[in-house]
Number of protein chains: 2
Amino acid sequence: MIELKGITRTYMIGGTSQTILHGIDLKVEDGEFLGIIGPSGSGKSTLMNIIGLLDRPTTGQYFLQDEDVAQLDDDRRSIIRNQFIGFVFQMFFLLPRLTALENVMLPLSYRGVPEAKAKEMSMQMLERVEMAYRADHKPSALSGGQQQRVAIARALVGDPKVILADEPTGALDSKTSQDVMNLFMKLQQEEKKTVVLITHDMKIADQCKRHIEVQDGRLVQETSVGDQ
Amino acid sequence: MIELKGITRTYMIGGTSQTILHGIDLKVEDGEFLGIIGPSGSGKSTLMNIIGLLDRPTTGQYFLQDEDVAQLDDDRRSIIRNQFIGFVFQMFFLLPRLTALENVMLPLSYRGVPEAKAKEMSMQMLERVEMAYRADHKPSALSGGQQQRVAIARALVGDPKVILADEPTGALDSKTSQDVMNLFMKLQQEEKKTVVLITHDMKIADQCKRHIEVQDGRLVQETSVGDQ
Ligand SMILES: Nc1ncnc2c1ncn2[C@@H]1O[C@H](COP(=O)(O)OP(=O)(O)OP(=O)(O)O)[C@@H](O)[C@H]1O
Ligand SMILES: Nc1ncnc2c1ncn2[C@@H]1O[C@H](COP(=O)(O)OP(=O)(O)OP(=O)(O)O)[C@@H](O)[C@H]1O
Ligand SMILES: [Mg+2]
Ligand SMILES: [Mg+2]
C-alpha cells in the first residue's frame with residue numbers, strides 16, 4: 001500500500017542546508033496498524049507529511065498503491081490525498097472562523113457531498129469522538145483536547161483508506177485517549193483501514209501491532225508484537 | 001500566595017449562558033508544587049487562565065499576595081502578570097514571524113531589559129531546554145515538541161515568582177518530559193518558585209507534591225504525597 005525508498009528531506013535555512021530525513025526505506029501493508037515513536041525533533045512529523053502528500057521528499061520514491069506519487073503535480077496529489085488519506089495534524093489546524101461542525105464538513109464539501117448529507121455524516125463523526133455537544137463552538141471556544149477530537153473527526157469523516165495521525169492523543173486524558181485508540185483499532189479491524197500513528201505515549205505505542213523508531217531522521221528499530 | 005474564593009466563569013454562547021467553573025475555592029502556598037488533573041474539557045485551562053490574570057472570573061475573589069486582583073484594571077493586571085507570572089500555554093502561542101530566540105526575548109523587552117542582556121539571558125534559557133541549536137528558526141520550522149520547549153523558555157526567562165504551565169510536556173517524548181519536570185522542580189526547590197502545572201500524564205502528576213482534580217468545573221479531590 002505504502003512504500004518509501006531512499007526518502008530524504010533537506011531544508012535550506014539561513015543559507016545552509018539541513019538534512020532532516022536521511023534515506024528512509026519503509027513498507028506499510030494494507031490494513032496494517034503502525035506506530036511511530038522517537039525523540040522530539042527526530043523527523044516523525046516530517047516523515048508523516050511526506051506519506052500524507054503534504055510535503056515532497058527532496059530525493060527518493062514514494063509508491064502509494066504502486067504509483068510513484070512523489071513527483072506528481074500538485075493537483076493530482078490533492079485529489080489522491082482527498083480520496084485516500086485522513087490526516088490528524090499535530091497542531092490540529094482547525095479553521096478558526098468555522099464551527100466544529102463546519103470544520104468536520106470541510107473534506108466532504110471538497111468532494112461535492114450535498115450539505116444536508118455532509119451535516120449528518122459530520123454530526124455522526126462528532127458523536128463518535130464525544131464532541132457533538134460542542135458542534136456549534138468555534139475552535140477558540142474549545143479546550144485543547146476538544147480541538148484535537150474535532151481534528152480527528154475531520155480526518156475520519158470522509159471514510160479514508162489510510163489514516164495518518166500525528167500524536168492524536170497528545171492533549172487527551174487517559175480515558176479519552178483510549179477511546180480514540182479504540183476507534184482507530186475498530187476502523188482498522190472492521191473496515192481494513194491502514195493506520196499510521198505517531199505517539200510519545202508508550203501505552204498507545206504498545207497497542208500498535210508494529211512500531212518503528214525514528215532518531216535523527218533515520219529509522220533505527222522495528223518492533224512487532226510477536227517479538228516481545 | 002494564591003487564593004481563589006467562589007470563582008465562577010460563565011460564557012455567553014449563541015444566546016445561552018454556559019457555566020464552565022462552578023464556585024472554585026483554592027489556596028496555593030508560596031513555593032508549592034501543585035498538579036492539576038482532570039478530563040478533557042473539565043475547566044483546567046479556564047482555571048489556569050484566571051490564575052494567570054489572562055481572564056477574569058465572572059464572580060468570586062482572587063487574592064495574589066493578599067491583593068484582590070480579579071477586579072483591577074487591565075493595565076495593572078498586565079504589569080503584575082509581567083512581573084510575577086511565567087505562563088506556558090497549552091497552545092504555545094509563539095509569534096510566527098519571530099525566531100525562537102526573539103520569542104524568548106519578548107518578556108524581557110516588555111520590561112525594558114537592554115537587547116544584548118536580553119539576548120544572553122534568552123540563549124541561556126534556550127540551552128536549559130536544549131533548544132539553543134534552533135534559536136534562529138521560526139516556529140513553522142520547529143517540531144511540535146521544539147515549539148513547546150521554546151514556549152517554556154519564554155515563560156521562565158523573566159525569572160517569574162509563579163510558574164503556570166498548561167500541559168507543558170504534551171508534545172514531548174518521555175526523556176524530554178522528565179528533563180522539563182526536573183527543571184521545574186529545580187526552580188521550585190532552589191529558587192522557591194511556586195509551580196502550578198496542568199497535566200494529563202500521571203507519571204508527571206505523581207511527581208507533584210500535591211495534586212487536585214477538576215471535573216465539570218469543580219474541584220473534586222485532593223491528593224498529597226503524604227496520603228498515598
Ligand atoms: N521548515 C523547516 N526548516 C528547517 N528545519 C525544519 C523545518 N521544519 C522542521 N524542521 C526541523 O526538522 C526536524 C524534525 O522536525 P519534525 O517536526 O519532523 O520532528 P518530530 O519528530 O515530529 O518532533 P516532535 O516529537 O517534537 O513533534 C526538527 O529538528 C525541526 O527543527
Ligand atoms: N470561549 C468559550 N465559550 C464557550 N465555552 C468555552 C469557551 N472556552 C472554553 N469553553 C468550554 O469550557 C470548557 C472547559 O475548557 P478548558 O479549556 O478549560 O478545558 P480543559 O480542562 O483545559 O480541557 P483539555 O484537557 O482538553 O485542555 C470546555 O467544555 C470548552 O468547550
Ligand atoms: Mg511532530
Ligand atoms: Mg486545557
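Residue numbers start from 1 in every chain, and the chains themselves are labelled A, B, ... in the order their sequence lines are given, proteins ahead of strands. Here the structure is a predicted model, which means the values were calculated and not measured.
Of the two parts of A:Glu167, only the side chain, counted from C-beta on, holds a non-hydrogen atom closer than 4.5 Å to a non-hydrogen atom of chain B. There is no contact between A:Tyr11 and chain B, counting heavy-atom distances below 4.5 Å. Contact of A:Leu142 with chain B is not made at all, since no heavy-atom distance falls under 4.5 Å. Residue A:Ile13 touches chain B through its side chain alone, counting heavy-atom pairs closer than 4.5 Å. For A:Gln18, the part sitting under 4.5 Å from any heavy atom of chain B is the side chain, from C-beta outward, and nothing else.
Close approach to chain B, defined as a heavy atom under 4.5 Å from one of its heavy atoms, is seen in A:Gly38, A:Pro39, A:Ser40, A:Gly41 of residues 34-53 of chain A, taken by number.
Among residues two or more places apart in sequence or in another chain, the salt bridge (Lys or Arg N to Asp or Glu O under 4.0 Å) test is passed with A:Asp25 by none. B:Lys193 meets the salt bridge (Lys or Arg N to Asp or Glu O under 4.0 Å) test with B:Asp159, B:Glu191; sequence neighbours excluded. Applying the salt bridge (Lys or Arg N to Asp or Glu O under 4.0 Å) test to B:Lys186 and every residue at least two apart in sequence or in another chain returns B:Glu190.
Note that NZ of A:Lys203 and NZ of B:Lys203 are 7.5 Å apart. Values are rounded to the nearest 0.5 Å.
Using a 4.5 Å cut-off on side-chain heavy atoms (C-beta onward), B:Gln147 and A:Gln90 make no contact.
With a 6.0 Å radius and a threshold of 12 heavy atoms from other residues, nucleotides or ligands, B:Tyr133 has its OH atom above the threshold.
Contact count versus chain B (heavy atoms, under 4.5 Å) is highest, among A:Asp173, A:Asp136, A:Asp166, for A:Asp173. Contact count against chain B (heavy-atom pairs under 4.5 Å) is highest for A:His137 among A:His137, A:Gln148, A:Gln146, A:Lys175. With chain A as the partner, the residue from B:Ala141, B:Ser177, B:Gly144 showing the most heavy-atom pairs under 4.5 Å is B:Gly144.
For the pair A:His200 (side chain) and B:Ala171 (backbone), a donor-acceptor distance under 3.5 Å is present.
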